[in-house]
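Just so we're on the same page: letters track the sequence lines, and every chain starts at 1.
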Amino acid sequence: MELAAKYNAAEVEDRWYAYWLDHKFFHSEPNEKEPYTIVIPPPNVTGILHMGHVLNNTLNDVLIRNARMHGKNACWVPGTDHASIATESKVVAKLKAMGISKEDIGREEFLKHAWEWKEEHGGIILQQLRKLGCSCDWDRTRFTMEPALSEAVINTFVHFYRKGWIYKGVRMVNWDPEALTAVSDDEVIHKDTQSHFYHLRYYISDGNGNPTDQFLVIATTRPETIMADAAICVNPNDERHHWLRGKKVLIPLINREIPVIEDDYVEMDFGTGCLKVTPAHDVHDYEIGLRHNLPVLEIIDDHGKLNENAQILVGEDRFVARKKIVKMLEEAGNLVKVEDYTSPVGYSERTNAVIEPKLSAQWFLKMDTLAKVALETVESGRTKFIPERYVNTYRHWMENAHDWCISRQLWWGQRIPAYYLPNGQYVVEATPEAALEAARAICPDIKAEDLRQDEDVLDTWFSSWLWPISVFDPDMPGHPDHKPNKDLSYYYPTSDLVTGPDIIFFWVARMIMAGEEFMGREPFSNVYFTGIVRDKIGRKMSKTLGNSPNPLDLIETYGADAVRIGMLLCSSAGNDIFYDEAQIKQGAAFCNKIWNSYRLVKGFSVDDSVAQTPAAAAAIRWFDAKLSETVAAVEDHYRKFRISDALMAIYKLFWDDYCAWYLEAIKPAFGQPVDRATYDATLGYFEALLKLIHPVMPFITEELWQNMEDRKDGETIMYAAAPAAKPYDPDTLVNFELAEEAVNGVRGIRNQKNIAPKETLDLKIKGGFPADVLSVIEKMGNVKVETVADFGSGQGVGFMVRTHEMFVALNGLVNVAEEIAKLEKDLAYQQKFLAGVRGKLANERFVANAPAAVIENERKKEADSLSKIESLESQLKALKNS
RNA sequence: GAGGGCUUAGCUCAGUUGGUUUAGAGCGCUUGCUUGACAGGCAAGAGGUCGGCAGUUCAAAUCUGCCAGUCCUCACCA
């Protein structure tokens with residue numbers, strides 16, 4: 001087959017992906033081999049591929065393909081997450097555009113729309129992953145809301161409820177009075193907002209609900225909430241306010257009596273040091289209320305209007321009420337002063353409405369035991385974090401874990417299996433049938449229609465924390481007494497998890513908890529945290545900035561291999577990635593390099609009667625060792641998850657060592673054939689290199705590997721054994737490096753003196769240089785080498801390769817004054833260096849304390865330096881005499 | 001405000017428990033090459049007092065303290 005001068009990725013990639021799929025190469029079933037398992041961090045079902053996914057999934061694929069080639073039974077389980085908030089808001093937006101609100105159509109109808117949306121847009125991202133070359137076991141694709149996994153979630157809820165770890169509690173949520181829903185903390189944007197600080201006078205009560213002459217002053221930004229006050233709070237250490245102990249005060253305008261309490265929460269030097277405590281409408285006040293057993297009185301309704309409890313201004317919007325009440329307070333003589341004040345106020349990300357803290361009943365899962373166990377998993381090293389520093393973050397969170405609020409006021413998700421009886425009692429059961437039975441134990445004549453299921457659904461993470469278990473055996477999480485099925489016993493615990501540090505608590509920590517709870521052991525051995533993909537100048541990729549490229553466009557332009565390598569080139573673990581298209585271009589250039597080196601090798605004509613040249617023999621000896629050295633290094637990098645280092649080692653082995661040195665050294669003269677032994681070795685190395693590169697660049701390597709020989713249908717590089725490191729003689733490497741340095745020296749001189757590479761030069765080398773690489777120097781440097789005892793008196797330029805002296809004869813081309821100046825500069829440097837080394841050696845304390853090896857090294861430096869100085873001096877002498 | 005991370009060449013980063021580091025790589029940059037695989041290429045070269053100050057040590061990019069800059073997580077102050 002004729003090979004084009006340029007590699008055409010687009011033409012190649014779809015073909016091989018289809019081939020891999022046809023032969024089910026990605027599919028894994030339990031067998032006698034060692035498993036290597038990864039579960040995908042499930043992307044949102046309606047999401048589309050962005051650069052973060054590209055990075056994450058490329059890393060996953062590299063690990064999976066590498067494991068596969070190392071003889072493991074590799075299984076990468078793909079799937080998607082139902083992402084309740086994100087998906088529901090998309091569906092709500094779609095319906096809104098059609099003039100429909102979800103309340104109008106009701107839960108059942110809404111869910112129909114949501115499933116339609118999921119069928120239409122769901123899984124696009126999984127298709128996109130195929131373009132990237134991901135070798136996921138598509139037969140195992142899962143969705144967190146598919147029936148079996150939903151059942152697992154419900155069973156899990158029942159499991160923890162029976163254990164007494166799930167309870168119903170009241171919590172302050174972020175209420176959006178426009179959208180009429182609670183929103184998560186992440187969806188609240190705090191903005192500094194201009195407002196006022198109102199100083200209000202509260203009179204001390206005489207004990208009968210009548211004001212005395214005494215008063216205190218509080219400062220508030222929300223005067224419209226005074227009717228919900230439950231106490232006035234001061235700091236116990238604040239002597240200014242000790243006289244208030246045991247007193248009661250009267251709320252202005254409505255004259256309700258409330259106590260004065262003391263709590264450390266109050267800052268003495270902020271405001272007046274007196275805080276009005278409004279448990280129903282402020283998070284901190286709610287907590288103070290809990291500590292002091294204060295009553296909770298709500299005066300603001302779901303729409304942000306004052307209700308009956310307020311007694312005054314009933315029905316007014318909270319902001320209108322604020323204006324009006326200020327006036328009323330002023331008229332009543334309770335307003336002391338008004339200050340301008342800027343404070344952070346929470347706004348809803350979606351409606352931009354000011355968030356109203358609101359109490360509501362939520363379901364919680366106790367974290368104490370789960371967190372303790374999960375912390376131990378990581379501290380003991382059964383699960384390792386890469387980079388390790390994330391253990392600190394993890395520990396800090398686990399030691400301060402709050403109970404997990406698992407209910408969400410949404411419809412898209414697993415509905416909480418709590419069923420309320422008409423009398424307000426409730427039962428928790430996996431199915432409505434079981435619930436009815438349980439309810440009858442309480443109320444014998446109750447009917448199914450009397451039971452009302454909880455309206456809320458479960459937090460999405462309450463399903464994704466089961467992912468490493470439920471994808472293999474959905475029955476397992478709800479029934480921890482059951483024996484794991486064949487898949488789960490084989491694939492669990494999974495090997496590595498690749499994810500972003502932003503979900504270390506949401507997801508990673510909770511998977512560890514669930515793993516320990518249901519399987520009694522960690523869900524994965526290693527967690528590799530990637531960084532965040534940013535643009536060239538460090539901004540996060542975002543739709544609004546428009547700085548995020550579409551990965552599919554990049555794949556189309558440069559090829560998936562180029563995109564993969566481009567992302568890996570700049571990604572060390574845990575560091576943010578500064579994405580630059582130039583790196584992908586570099587990846588494309590690498591593809592082209594591989595392609596063209598193959599064209600060269602394939603273009604050789606082979607002649608069995610031709611003898612191998614000494615240079616080719618030397619190059620083969622060297623490359624054999626070099627390959628082993630690099631394979632060992634690459635394996636070490638992989639073991640330590642230094643993926644970009646592994647890639648760079650391979651990149652340099654291919655480009656610098658194989659192409660720039662090896663191929664040039666064995667390349668026959670123009671028009672000449674190559675001998676059989678050299679040709680076979682060269683193709684063998686090429687194949688080894690393809691295998692080494694394959695995990696990173698699956699497509700081009702398959703294309704060339706298939707082209708190398710007439711492969712049978714069903715053969716693939718995917719399952720070829722990775723090259724193994726063999727023992728080698730380090731001297732082989734050192735000797736070739738000496739030759740390289742000698743050639744570099746000659747090339748440097750050519751450059752300086754403007755001598756064409758074609759012009760053959762004479763190179764004199766003083767004795768002791770390894771003889772087996774001289775032929776390489778001759779070929780690569782285009783020189784005639786002569787080993788001599790003395791350079792004699794000819795004109796030329798000398799240089800040193802480590803401790804070996806070399807001399808290029810150059811008649812008539814040497815500028816004596818220039819050479820002398822250069823040599824003198826070198827000499828001065830060497831003398832200074834020598835003085836440094838000798839200073840160290842003359843230091844008694846150094847000689848007394850340093851290890852012998854270090855001292856030995858300093859002596860070697862001294863000797864090397866001395867020999868260089870000697871050489872420089874003799875060259876100078878020769879030049880000056882010429 | 002609390003905690004954590006980072007700071008090494010123009011850019012992005014290595015530097016593996018202080019001594020073969022006389023600090024490296026890739027990209028970029030400069031110079032020279034229509035060298036018959038590749039100009040998406042070849043060759044050579046310049047470029048860093050390892051953020052600052054102080055300390056520990058015979059020895060510090062590496063350990064300690066303080067300072068500066070930067071980023072992240074959490075909390076956001078009535």
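Distances were taken from every side-chain heavy atom of A:Asn744 (C-beta onward) to each of B:A44, B:G4, B:C38; the shortest belongs to B:A44. Taking every side-chain heavy atom of A:Asp645 into account, B:A14 is the closest of B:G32, B:A14, B:U73. Each of B:A78, B:G3, B:A37 was ranked by its minimum atom distance to the side chain of A:Leu600; first place goes to B:A37. Taking only side-chain atoms of A:Asn751, from C-beta outward, the nucleotide of B:C77, B:A37, B:A44 with the closest atom is B:A44. When distances run from any side-chain atom of A:Thr221 to the nucleotides B:G4, B:U35, B:A78, the shortest one goes to B:A78. Closest approach to the A:Phe578 side chain among B:C76, B:G36, B:U12 is made by B:U12 (side chain taken as heavy atoms from C-beta onward). Out of B:U12, B:G40, B:A78, the shortest distance to the side chain of A:Asn592 is found at B:G40.
Nucleotide B:A25 forms a Watson-Crick or G-U wobble pair with B:U12, both donor-acceptor distances falling under 3.5 Å. Under the Watson-Crick and G-U wobble criteria, each requiring two contacts below 3.5 Å, nucleotide B:C53 is paired to B:G65. Nucleotide B:A59 forms a pair with no other nucleotide shown, judged by Watson-Crick or G-U wobble geometry with both contacts under 3.5 Å. Both distances falling under 3.5 Å, in either a Watson-Crick or a G-U wobble arrangement, occur for no nucleotide opposite B:A78. Figure legend. B:U34 is base-paired to no nucleotide; pairs are counted as Watson-Crick or G-U wobble with both atom distances under 3.5 Å. Pair check for B:U17 finds none; no Watson-Crick or G-U wobble contact set falls under 3.5 Å. B:A2 and B:U73 make up a base pair, with Watson-Crick or G-U wobble contacts both under 3.5 Å. Base pairing analysis places B:A46 opposite nothing; no Watson-Crick or G-U wobble pair with both distances below 3.5 Å involves it.
A gap of 31 Å separates the P atoms of B:A14 and B:U56, to the nearest Å. When the P atom is used for both B:C67 and B:G24, the distance is 34 Å, rounded to whole Å. For the C1' atoms, the distance from B:A61 to B:A9 is 14 Å, rounded to whole Å. Spacing of P atoms, B:U31 relative to B:C72, comes out at 40 Å, to the nearest Å. Spacing of P atoms, B:A39 relative to B:U22, comes out at 41 Å, to the nearest Å. Rounded to whole Å, the P atom of B:G18 lies 35 Å from the corresponding atom of B:G45. Nucleotides B:U62 and B:G51 are separated by 15 Å at their C1' atoms, to the nearest Å. B:U17 and B:G10: their P atoms are spaced 28 Å apart (whole Å).
A:Val266 comes within 4.0 angstrom of a nucleotide base, judged by non-hydrogen atoms across all strands. In this structure, A:Ala848 reaches neither bases nor backbone, as no heavy-atom distance under 4.0 Å exists between it and the strands shown. Across all strands, A:Arg222 comes closer than 4.0 Å to no nucleic acid atom at all (heavy-atom distances).
Residue-to-nucleotide contacts include no donor-acceptor pair under 3.5 Å from the side chain of A:Arg845 to the base of B:U57.
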Reading 5' to 3' through nucleotides 17-30 of chain B, protein heavy-atom contacts under 4.0 Å coded B for base, S for sugar-phosphate only, - for none: --BB-B--SSS---
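If you take CD of A:Glu664 and P of B:G36, they are 11 Å apart, rounded to a whole angstrom. The interatomic distance linking A:Gln752 (CD) with B:G32 (C1') rounds to 13 Å, in whole Å. With rounding to whole Å, A:Lys593 atom NZ is found 12 Å from B:G40 atom P. A straight line from CE of A:Met398 to P of B:G3 spans 21 Å, rounded to a whole angstrom. Rounded to an integer number of Å, the gap from A:Tyr394 OH to B:U73 C1' is 16 Å. Between A:Asp282 atom CG and B:A75 atom C1' there is a gap of 13 Å when expressed in whole angstrom units. Rounded to whole Å, the distance from CZ on A:Phe270 to C1' on B:C76 is 11 Å. In this structure, A:Asn392 places its CG atom 15 Å from C1' of B:A2, rounding to the nearest Å.
By the 4.5 Å heavy-atom criterion applied to side chains, A:Ile261 and A:Ile232 are not counted as neighbours. Put simply, the side chain of A:Glu759 does not reach to within 4.5 Å of the side chain of A:Asn782, judged on heavy atoms.
A donor-acceptor contact closer than 3.5 angstrom links the side chains of A:Tyr598 and A:Asn707. Side chains of A:Tyr394 and A:Glu379: a donor-acceptor N/O pair is absent below 3.5 angstrom, by distance only. When only modelled atom types and interatomic distance are considered, A:Thr803 and A:Asp864 share no side-chain donor-acceptor pair under 3.5 Å. Side-chain N/O atoms of A:Asn596 and A:Arg599 include a donor and acceptor closer than 3.5 Å. A:Asn235 and A:Tyr265 are not linked by any side-chain donor-acceptor pair at a separation below 3.5 angstrom, with hydrogens and angles left out of the test. A:Gln586 and A:Tyr651 share a donor-acceptor pair across their side chains, judged by distance under 3.5 Å alone.
A close approach under 4.0 Å does not occur between any side-chain nitrogen or oxygen of A:Asn400 and OP1 or OP2 of B:C74. One finds no side-chain N or O of A:Lys6 lying less than 4.0 angstrom from the OP1 or OP2 phosphate oxygen of B:C38. Phosphate proximity of B:A2 to A:His396: absent, as no side-chain N or O sits under 4.0 Å from OP1 or OP2. A close approach under 4.0 Å does not occur between any side-chain nitrogen or oxygen of A:Arg389 and OP1 or OP2 of B:G5.
A distance below 6.0 Å separates the ring centres of A:Phe197 and A:His199.
Mapped onto RNA chain B by nearest heavy atom, A:Lys640 and A:Gly271 fall at different nucleotides, with A:Lys640 at the one closer to the 5' end. Position along RNA chain B of the nearest nucleotide to A:Cys591 versus A:Thr220 favours A:Cys591 as the more 5'-ward residue.
Smallest separation of non-hydrogen atoms from A:Leu329 and A:Ile226: CD2-CD1, 4.1 Å.
A side-chain donor-acceptor contact under 3.5 Å links A:Asp561 to the backbone of A:Ile700.
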